[in-house]
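None of the values given here were measured: they were computed from a predicted structure.
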Amino acid sequence: MKKFDVIVVGAGPAGSTAARFCSEAGLKSAIIEKEKLPRVKACAGGVIPAGLRFCNIDLPDDLIENKCDKIKLSYKRYRRIVKIQEPIYMVERSRFDMFLTEEAIKMGAKLKEEEKLIDLKYKNDQLIITTSQDQYRTKILIAADGYFSTVRKTLGISLNVKDSPIAIEATIPMDRDEIYSRFNRSVSVHYIPGLFGYAWIFPKKNHISAGLGSFIRPPKSIKNTFFNFLALHHLKAQSKIKSWFLPPSDGYHNLVYDGIMLTGDAAGFVDAFTGEGIRYAMISGKLAALTAVECFKKRNFSNDCLVSYNDLCNKFIIPNLAYSKRISYYIYRYSWFTIPAAFKNKELLEMYANTLFGYGNYKNLISWIKPKMPFIFIKRFLPS
Ligand SMILES: Cc1cc2nc3c(=O)[nH]c(=O)nc-3n(C[C@H](O)[C@H](O)[C@H](O)COP(=O)(O)OP(=O)(O)OC[C@H]3O[C@@H](n4cnc5c(N)ncnc54)[C@H](O)[C@@H]3O)c2cc1C
């Protein structure tokens with residue numbers, strides 16, 4: 001039976017980042033990935049540079065398909081354009097994820113692709129892992145296997161898929177001139193009544209990503225809403241549209257089990273207001289790796305040591321996501337009031353857009369809004 005210090009399950013942004021930091025620190029690490037890489041992932045591919053910085057990742061220019069520094073917002077008859085503090089990078093997920101995996105391999109991580117984790121058992125202070133091809137022993141397992149995490153299932157943590165947020169995406173080829181004239185360096189965000197979320201258009205190099213996310217109570221007719229949105233913008237999905245669930249947002253209460261740490265979507269880390277998850281996947285991957293390295297230094301693989309991962313997530317990730325969940329509920333539930341109110345207040349809209357795209361946090365946004373509520377309330381009902 002092959003032995004590794006750390007086994008990471010899943011080669012998405014969470015898994016590859018975790019494997020890279022473990023290997024960099026000298027731990028013998030492997031990534032187990034069920035797909036052949038590069039693999040397709042339903043995603044709009046908007047990456048906030050703050051997440052890359054946290055993980056010391058310098059994206060090569062050829063991976064950045066566009067840098068967008070404006071958001072075109074719309075809701076019913078309202079239209080606004082807001083400049084954001086720092087451009088958001090547009091990437092193609094299969095290439096972006098492959099790059100992160102290659103960085104981990106460069107540091108020494110072994111990639112086991114087309115190999116699916118099937119079962120795991122904790123015995124005598126170590127984990128026995130069974131995949132579709134082999135069996136492995138490890139002291140620590142980092143679960144980065146996404147929304148339907150097999151690791152989480154083996155721990156008996158179930159998901160309520162019925163009310164899960166959902167997102168749909170289509171990649172639409174378009175020539176560069178048309179992208180330039182129609183979208184240039186702007187991402188479009190359209191709030192749609194009854195969707196409890198928004199539709200987007202993200203311009204890339206030779207295509208755009210169009211999609212929509214519904215965050216609090218996905219309507220049954222979500223595909224029709226998407227096709228109507230495309231028609232309204234004279235767009236046609238030429239390939240298969242992809243849809244995927246988004247996790248419950250502020251994470252599971254406990255992220256540490258015997259020898260196991262949950263990261264990324266497997267841990268429930270997605271912004272409930274925007275659907276952004278890549279940043280939190282990478283950050284949690286790094287935090288899990290730092291914890292693993294610390295436990296190896298202390299030769300302590302018990303939960304007493306691993307539990308510091310919970311503390312790190314409580315410091316760097318969970319508070320913002322918990323606020324995003326609350327904000328998401330109120331903004332989408334009462335969108336007839338909240339969105340026009342924001343659209344009518346330039347300063348609020350800028351704060352809101354910058355928070356939406358990762359500059360600033362929801363707590364500060366709420367503290368900023370609270371004393372101004374009466375003014376915002378009155379302005380909402382004045383003619384524009
Ligand atoms: C339509 C859509 C649009 C989105 N747009 C954005 C966006 O623009 N920006 C953003 O920040 N976030 C976006 N997100 C969210 C983002 O895609 C996720 O939060 C992110 O991919 C999570 O990364 P991860 O590494 O945790 O999991 P994933 O990227 O899902 O990777 C998990 C990996 O685990 C592998 N795996 C699963 N089970 C097993 C198993 N049993 N054995 C071995 N391997 C396994 C999978 O094959 C996969 O490669 C979007 C999501 C959707 C659905």
For a quick test of your reading: what N or O donor-acceptor pairs under 3.5 Å do the side chains of residues 286-294 make, sequence neighbours left out?
| residue | atom | partner | partner atom | Å |
| --- | --- | --- | --- | --- |
| K286 | NZ | F54 | O | 2.8 |
| T291 | OG1 | L287 | O | 2.8 |

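At a cut-off of 3.5 Å, with distance as the only test, a side-chain donor of N300 or S302 sits close to an acceptor on the other residue. Inspection of the T263 and Y309 side chains reveals no N or O donor paired with an N or O acceptor under 3.5 Å.
For residues 331-340, there are no side-chain hydrogen bond (donor to acceptor under 3.5 Å, both in side chains) pairs, not counting sequence neighbours. Every pair passing side-chain hydrogen bond (donor to acceptor under 3.5 Å, both in side chains) that includes a residue from residues 199-212 is listed here, sequence neighbours excluded: E169-S209, R176-N206, W200-S209. The side-chain hydrogen bond (donor to acceptor under 3.5 Å, both in side chains) pairs that include a residue from residues 121-131 are E115-T131, D119-K121, Y122-D125, T130-Q135, where partners are two or more places apart or lie in different chains. Evaluation of the side-chain hydrogen bond (donor to acceptor under 3.5 Å, both in side chains) test over residues 40-52, restricted to residues two or more places apart or in two chains, returns none. Screening residues 360-373 for salt bridge (charged side-chain N to carboxylate O under 4.0 Å, His left out), with sequence neighbours left out, gives no hits.
Under the 6.0 Å cut-off for aromatic ring centres, F301 and F296 qualify, their centroids lying closer than that. For F215 and F196, the ring centers sit 6.0 Å or farther from each other. The aromatic ring centres of H190 and Y198 sit 6.0 Å or more apart.
Taking the six-membered ring where tryptophan is involved, the planes of Y362 and F273 are perpendicular, since the angle between them exceeds 60° and thus also 30°.
Partners of F183 under the ring-ring contact (aromatic ring centres under 6.0 Å, His included) rule, at least two apart in sequence or in another chain, do not exist in this structure. For D134, the side chain to side chain donor-acceptor pair (under 3.5 Å) criterion is met by K2, not counting sequence neighbours. Every residue meeting the side chain to side chain donor-acceptor pair (under 3.5 Å) condition with S16, not counting sequence neighbours, appears here in chain and number order: T101. For S94, the side chain to side chain donor-acceptor pair (under 3.5 Å) partners are E92, not counting sequence neighbours. By the ring-ring contact (aromatic ring centres under 6.0 Å, His included) test, W244 pairs with F148, sequence neighbours left out.
In this structure the side chain of I327 reaches within 4.5 angstrom of the side chain of L365, judged on heavy atoms. A 4.5 Å side-chain heavy-atom check between I216 and S328 finds at least one atom pair inside the cut-off. No side-chain heavy atom of I81 sits less than 4.5 Å from a side-chain heavy atom of I71. Within the 4.5 Å cutoff, the side chain of L212 has heavy atoms near those of the T225 side chain.
Of the charged side-chain nitrogens involved, at least one lies within less than 4.0 Å of a carboxylate oxygen, so that R53 and E86 count as a salt-bridged pair. Between D69 and R185 there is a salt bridge, with a side-chain nitrogen of the basic residue lying less than 4.0 Å from a carboxylate oxygen of the acidic one.
Here the side chain of N66 pairs no donor or acceptor atom with the backbone of C68 at under 3.5 angstrom. Between the S149 side chain and the G146 main chain, no donor and acceptor come within less than 3.5 Å of each other.
Atom NZ of K116 has 12 or fewer neighbouring heavy atoms from other residues, nucleotides or ligands inside a 6.0 Å radius. The environment of CG in D62 is crowded: more than 12 heavy-atom neighbours from other residues, nucleotides or ligands sit within 6.0 Å.
The NZ atom of K139 sits 11.5 Å away from the CG atom of L306 when rounded to the nearest 0.5 Å.
The cluster map of Ile, Leu, Val, Met, Phe, Trp and Tyr, joined by side-chain heavy atoms under 4.5 Å apart, puts I128 and I142 in different clusters. Using a 4.5 Å cut-off between side-chain heavy atoms of Ile, Leu, Val, Met, Phe, Trp and Tyr, with links allowed through other members, Y330 and Y75 fall into the same hydrophobic cluster.
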Practice problem: For the pair E102 and K106, evaluate salt bridge (charged side-chain N to carboxylate O under 4.0 Å, His left out) and give the outcome as yes or no after the intermediate values. | Solution: CA-CA 6 Å; E102 279 164 353; K106 270 190 217 157; over 6 Å; no
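Chaining together hydrophobic side chains whose heavy atoms lie under 4.5 Å apart places Y89 alongside V47, L52, I57, L59, L63, I64, V91, F96, F99, L100, I278, M282.
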